[in-house]
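Down below is the structure, laid out as structure tokens.
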Amino acid sequence: MTDQRQNQASTPLTGRVIQRGEPGWERARRNFNARIDPQSVEPKMIVFVQNAADVRHALAYARANQLPFRVRCGGHSPAGHGVVDGGIVLDLRDMKALEIDVASRSAWAEAGLTTGEYTAAVGAHGLATGFGDTASVGIGGLTLGGGVGYLVRKYGLTIDSLMAAEIATADGQLLRVDADSHPDLLWALRGGGGNFGVVTRFQFRLEAVDAIVGGLLVLPATPEVIAAFLAEAEAAPQELSTIANVMPAPSMPFLPAEHHGRLVIFATLVHAGGGQAGERAVAPFRALAAPIADMVRPKTYPEIYPPDDASYHPTAVGRTMFMDVVHHDVAQTIVDHLQSSDAAVRVAQLRVLGGAMASVPAEATAFAHRARRIMANVAAFYEGPEDRPRREAWVTDFAAALRQGDNGAYVNFLGDEGEARVRQAYPGSTWDRLAGIKARYDPANLFRLNQNIRPAMGPER
Ligand SMILES: Cc1cc2nc3c(=O)[nH]c(=O)nc-3n(C[C@H](O)[C@H](O)[C@H](O)COP(=O)(O)OP(=O)(O)OC[C@H]3O[C@@H](n4cnc5c(N)ncnc54)[C@H](O)[C@@H]3O)c2cc1C
């Protein structure tokens, strides 16, 4: 165990600080989701920390000046947690060191890396850690919430590959956390979000994932095809993970014009084995209907991520849930709701889980939805604040129509939905266990501007 107590005054801040109105301010404060009104929510400063000492400096400064702060890695929080009005954004994006140990199949990654940067670097060695579906998402937020992506059925959630972490805690310590040192904290970091401190480095296990069969498959979205797609995804070998977006076909050049605006299943399939087994695994999906587009082919794993468009900043509302079955009637409900809206982008995203993710006991990590079979997200884009209420009403109604089981939520897809919804991310005894660990490591709830878990018996917010 290496608990380091450093004299903060002896190590000056090395990172950049940008204050409100200074050159580069507009760019620096921007996040992926453009939902937060920049007029009403504006930080005082953004500290681009360079190392763990800088993180502790920034925390000490915020504490001493009683300034609210938020931690930002990739800036993709759907709840708008990448920005804080009148406070400090502690930005990790200059911290991108990556130590890859090919021999031991592990990597230490600084917390400012995006999932795409990490995937490209380890992919050069034919290795991978499973993250999500979008390369610009940060490893920080994604990992701390769980991490559901293209390797979920083969290798589990991202947290199932998390071996260790270094974290700056509320009392100014820098802790090394692993199975032997602070195992309670390692358990909590595996799904408990940013509640326990600022993680400065993550250690991940690497898997040999080089040649895959994968890519985009676009099918007509009739209720029959949707239900059959989900059934095939559940029956598929666990090497195959799918993310199916049921949505009106965008007017993209590779889609024939007659399909634009009509409902399609816009699915990405990844068989993390490749070769003949991969071709065999995707064949049943191709046979469900005449594909409108079929880009599923042998490739390397990093190639599954399309290049990022840095200028893309949508305004969206969404709801997340878990489901257990999508039979014909449920698929019909999906089609009916999508057809009832005229939002420019509207979607029901269905991720079949199971496989390695489900083989981990629910109590082993702070992500406890291991038995749930499908993760579903419904979302709509809106244009301007006046358009938002009706899009909110639509997603609320759509989510209610699909709800099955315990109303559980995946914390990483939660918006700003209140404490009751955060609790639904942590079912059973998970919430109480997290609150107890929070009381040990952050009794004053310093890290509270997040999907917050209040310390057991702690102060009110
Ligand atoms: C387009 C898009 C696609 C997505 N796809 C997926 C997907 O496929 N799979 C999936 O699982 N999720 C997905 N997500 C959800 C994503 O995992 C969460 O939004 C996540 O919180 C984003 O992480 P970030 O670092 O980019 O965000 P940020 O906004 O930077 O961080 C979110 C929160 O995480 C905490 N945090 C981040 N880094 C640290 C750190 N180092 N230490 C302590 N706390 C920290 C903070 O509380 C922060 O407010 C997606 C989101 C978007 C917008």
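Just follow the structure's listing: the first ligand is 1, and inside any ligand the first atom is 1.
Annotation: side chain to side chain contact (heavy atoms under 4.5 Å, CB included) contacts of S106 (sequence neighbours excluded): D101, S104, M163, Q203.
Sorted by chain and number, the heavy-atom contacts of ligand 1 below 4.0 Å come from F32, V71, R72, C73, G74, G75, H76, S77, P78, H81, L92, A111, G132, D133, T134, V137, G138, G140, G141, L142, L144, G147, V148, G194, G197, V198, V199, R351, Y410, N412, F413, N450.
Using a 30° and 60° split on the angle between ring planes, F367 and Y410 fall in the perpendicular class, above 60°.
A salt bridge links K154 to E239: one of the charged nitrogens lies within less than 4.0 Å of a carboxylate oxygen. K299 has no carboxylate O lying under 4.0 Å from a charged side-chain N of E303, or vice versa, which leaves the two without a salt bridge.
Taking the six-membered ring wherever Trp is involved, the centroid distance between the rings of F131 and F204 falls below 6.0 Å.
R56 has its side chain out of reach of T200: every pair of non-hydrogen atoms, C-beta onward, lies at least 4.5 Å apart.
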